[in-house]
Amino acid sequence: MGTTVEALSREQVAARLASDIPDGWYVNLGIGAPTLVADYLPEGREIVLHSENGILGMGPAPAPDRVEPWLINAGKKHVTMLTGGSFVHQADSFAIIRGGHLDLCVLGAFQVAQNGDLANWSISTTEKAPAVGGAMDLAVGAKHVWVLMEHTTKTGVPRLTERCSYPLTALGVVSRIYTNLAVIDVTVRGFEVREMLPGLTLEALQEKTAAPLHISAGRLAENEHG
Amino acid sequence: MGTTVEALSREQVAARLASDIPDGWYVNLGIGAPTLVADYLPEGREIVLHSENGILGMGPAPAPDRVEPWLINAGKKHVTMLTGGSFVHQADSFAIIRGGHLDLCVLGAFQVAQNGDLANWSISTTEKAPAVGGAMDLAVGAKHVWVLMEHTTKTGVPRLTERCSYPLTALGVVSRIYTNLAVIDVTVRGFEVREMLPGLTLEALQEKTAAPLHISAGRLAENEHG
Amino acid sequence: MINKIVSSVEAALAGIGDSASIMIGGFGAVGQPDILIDGLVDKGARDLTIITNNAGAGLIGLARLLAAGQVRRIICSYPRSAGSVAFEALFNAGRIELELVPQGTLAERIRAAGAGIGAFYTPTAFGTELAHGKETREIAGRQHVLEYALPADVALVEAWQADRWGNCTYKQSGRNFNPIMATAARLTVVQSQHLVALGTLNPETVMTPGIFVDRVVHQPYGDPQG
Amino acid sequence: MINKIVSSVEAALAGIGDSASIMIGGFGAVGQPDILIDGLVDKGARDLTIITNNAGAGLIGLARLLAAGQVRRIICSYPRSAGSVAFEALFNAGRIELELVPQGTLAERIRAAGAGIGAFYTPTAFGTELAHGKETREIAGRQHVLEYALPADVALVEAWQADRWGNCTYKQSGRNFNPIMATAARLTVVQSQHLVALGTLNPETVMTPGIFVDRVVHQPYGDPQG
């Protein structure tokens, strides 16, 4: 693909995303890679994590000798509670999600389309044992939906596309994408590159992206001044 | 009206109704006369009273020196809590009502029709400052709806009618009526007299009732044997 | 750091303007946030739409706001009660609009707004004047009425305890509409009898998680008035 | 006297027959009533419809019921998980029907059944395969999907504490689906870790009022398995 730039690790993308979460936001981290974001929340910011199974104010994983058997997150891993946290039942937990009370949901994805369509729950309509969980609720409910994913599949197929070919999770919901190569906003113009790895050219990034990339106004201004 | 029988007082009707509530029932007593039923619940039966404003297990009025200022019933009177009671919020309280979880609701009424239609919230469509409260929810939600009322208005107009002329509360919901003269079931046949004041004839009762009265099968059997 | 505590009623009500729709918690006087209502009177915001169960009594709290002529429209279930003179005077003079909603439907519409549910079918009020002109549908053999979510610009809530994250508890029947209204407004303002340090409230028994709350003002108001 | 406590799992499950629809609480292993599920296996009831979030893991609890071939159909959001081998084997062999429901829609449909709401409009899943063939409606400028209440014959619930009236509390994230399922079935059976005397539970913090519960069986089961 012609670039010698070293892509970010999943941990680095998670940390990059975490640094953009403002103080005081209520955030749901989807299962899989988004869960890593919890490990990189910036010091000094109070960010309240929500878990679909009915937790507000979820803390990090416990020390092995401090596991609470009854306290798991949506990924069914043991977690802790922060001071100020609380429990709700399943209907109330999804009232929080669907009702627009979360500032942010971070989700993994198979594909994101330039109009913000999200495909992250199934790779085929004939899949064996499909599973959806809370993905569709989170995608339509959170005030901001940010996607954290590799820029392409392992075989190099772009995940940012003109139109999703995989089954949709929700229509027009993604507002920002953090990949191992770039940070990209989804706007009325389509994909707007907000940030790229140092040394990566727009052309090289475009090569790995199956829809037109635009330079965001913010970034243009930055370039003009820099 | 030709009968010398002494009609029951409101308290006597309430006591008569109370004696029919089985052990273990969950019951809502509407505001007004039905509230009196609470004073006559039979000893030895655990009957759990629900109040629309979010109480299960409501007890009697407190002694004057034991008033809890934050503990009122749907009629906005101070009450007490029984051991085993609990509080719920307003949406949950009406989930209890609408969801069919109450065994019984006792309501007052202006009119009941022979098909079980209930009119108990408004006497005119042009009424000043109408108010409905929880009456419509209770009427459609409870497993049994019993009405407690005078058999006629003060001026002698029958309240048991072929068809309600007042605005309806709910359609076909009333299963039994306790008046100051009789206990009457509402069945597919219409009004079936279950019990009358001693000395009252069916003819005299019919005179005060604006729809045909039938003798209930149970009562017929009783007559045959008695 | 999350700190939703504000130091004055003025600060708690900042930004509430004319023509706002405002939910007010409470059932009768219990759980009614009188200090915040007084603040609205002082503020002088006009042309308000008030969503609440009752329409106040005497000349305090909601009745005072009504008497001040600041309310254009009231959406409630039971405006008529002992002492509801302020409302009745306005209503009889045609100086206030009334949308009368069955209490359970009111609660459910508020809950729906907070839970991101656009509308729902309820059996309550089918066949009555309060369903006049509304869509109906037979579901599982039963007739239902279509009712829409009822959101508001502002919710005024009275809590018993609150912390700096906005976690709240309520006292006895003071719970009523407060927890559901807290979920259904763009701006939720809590008047709390007690302020407690973060971590004081048991995570298992928080009744309103802080995610629903924007501002908390400490008002050790004492027992319900009126 | 109200006494919902039964002395054996057999008595707790009495009357549950072939073809029953059964809700099973829990999210993953936490809050899953394994002893009651084992009782269903022993009972041998067949052709069951199971409503639950996950489809079990390993060879205990729900997975054991599936492996025993007693389940014809499962309604859930996330059947696939680490160790969901019993479900996957049945599904791939075409020996079990799957109705896949977004988690929040599943929770809301269960709650609706308990609350007497016939159906509701949710934005979740609009435009996706999971809304295929469903009615849609634009409400307040947003597209919604019509979803129906989901009741069941039986709900199996795991509680932390319960009393003879059936009042329950839950532990941490063991709450999840249990409180809403308790409201939505004709027969609600609770497996409780602890039995407490009536009056032990604080009326303000009862999570499932006894009105929703039919039977309680004491099972000091210990920590969630698997």
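Only a predicted model underlies this, so the values are computations on that prediction, with no experimental measurement involved. Here is how names work: the chains are called A, B, and so on, in the same order as the sequence lines, proteins then strands, and each is numbered from 1.
In terms of heavy-atom pairs under 4.5 angstrom with chain B, the leader among C:Asn53, C:Ile110, C:Val101, C:Asn54 is C:Asn54. Ranking B:Glu52, B:Gln90, B:Met136 against chain C, the residue ahead of the rest is B:Gln90, based on heavy-atom pairs under 4.5 Å. Counting heavy-atom pairs closer than 4.5 Å to chain C, the top-ranked of the candidates B:Ala74, B:Ala135, B:Ala170 is B:Ala74. Across C:Pro123, C:Ala55, C:Gly31, the residue that shares the most heavy-atom pairs under 4.5 angstrom with chain B is C:Pro123. Chain C forms the most heavy-atom pairs under 4.5 Å with one residue out of B:Ile72, B:Val132, B:Asp92, and that residue is B:Val132.
When all heavy atoms are compared, the tightest approach of C:Asn176 to B:His89 is O-CB, 3.6 Å. Taking each heavy atom of C:Gln103 and B:Asp137 in turn, the nearest pair found is N-OD2, 3.5 Å. Among all heavy-atom pairs drawn from B:Ala91 and C:Ile180, the shortest one is CB-CG2, 3.7 Å. Scanning all heavy atoms of the two residues, the minimum distance from B:Trp70 to C:Ser173 falls at O-OG, 2.6 Å. In terms of heavy atoms, C:Gly104 sits closest to B:Arg98 at O-NH2, 3.0 Å. When all heavy atoms of B:Asn73 and C:Phe27 are compared, the pair lying nearest together is O-CE2, 3.7 Å.
Within 6.0 Å of CZ in B:Arg163 there are 12 or fewer heavy atoms belonging to other residues, nucleotides or ligands. Applying the 6.0 Å contact sphere to NZ of B:Lys77 captures no more than 12 heavy atoms from other residues, nucleotides or ligands.
To the nearest 0.5 Å, atoms CD1 (B:Ile31) and OH (C:Tyr78) are separated by 3.5 Å. One distance of note links OG1 of C:Thr124 with CZ of B:Phe94; it measures 8.5 Å at 0.5 Å rounding. For the atom pair C:Lys171 NZ and B:Phe87 CZ, the distance stands at 9.0 Å (nearest 0.5 Å). C:Arg175 contributes atom CZ, which lies 11.0 Å from atom OG of B:Ser93 (distance to the nearest 0.5 angstrom).
At a 4.5 Å heavy-atom cutoff, the contact between C:Thr105 and chain B is made by backbone and side-chain atoms alike. Looking at B:Val79, there are no atoms closer than 4.5 Å to chain C (heavy atoms on both sides), in backbone or side chain. Using a 4.5 Å cut-off between heavy atoms, C:Tyr170 makes no contact with chain B at all. Using a 4.5 Å cut-off between heavy atoms, B:Asp117 does not touch chain C at all. For a residue to count as touching a neighbouring chain, one of its non-hydrogen atoms must lie under 4.5 Å from one of that chain's; by this rule C:Asn178 does not touch chain B. With a 4.5 angstrom heavy-atom cutoff, C:Pro179 touches chain B only via side-chain atoms. Residue B:Ser51: no heavy atom, backbone or side chain, is found under 4.5 Å from chain C. Heavy atoms of B:Ile96 lying under 4.5 Å from chain C are absent altogether. With a 4.5 Å cut-off on non-hydrogen atoms, B:Leu71 touches chain C through its backbone and its side chain both.
Counting heavy atoms from C-beta on, the side chains of B:Val140 and C:Arg142 come closer than 4.5 Å. Residues B:Pro130 and C:Leu98 meet the side-chain proximity criterion, which asks for heavy atoms closer than 4.5 Å.
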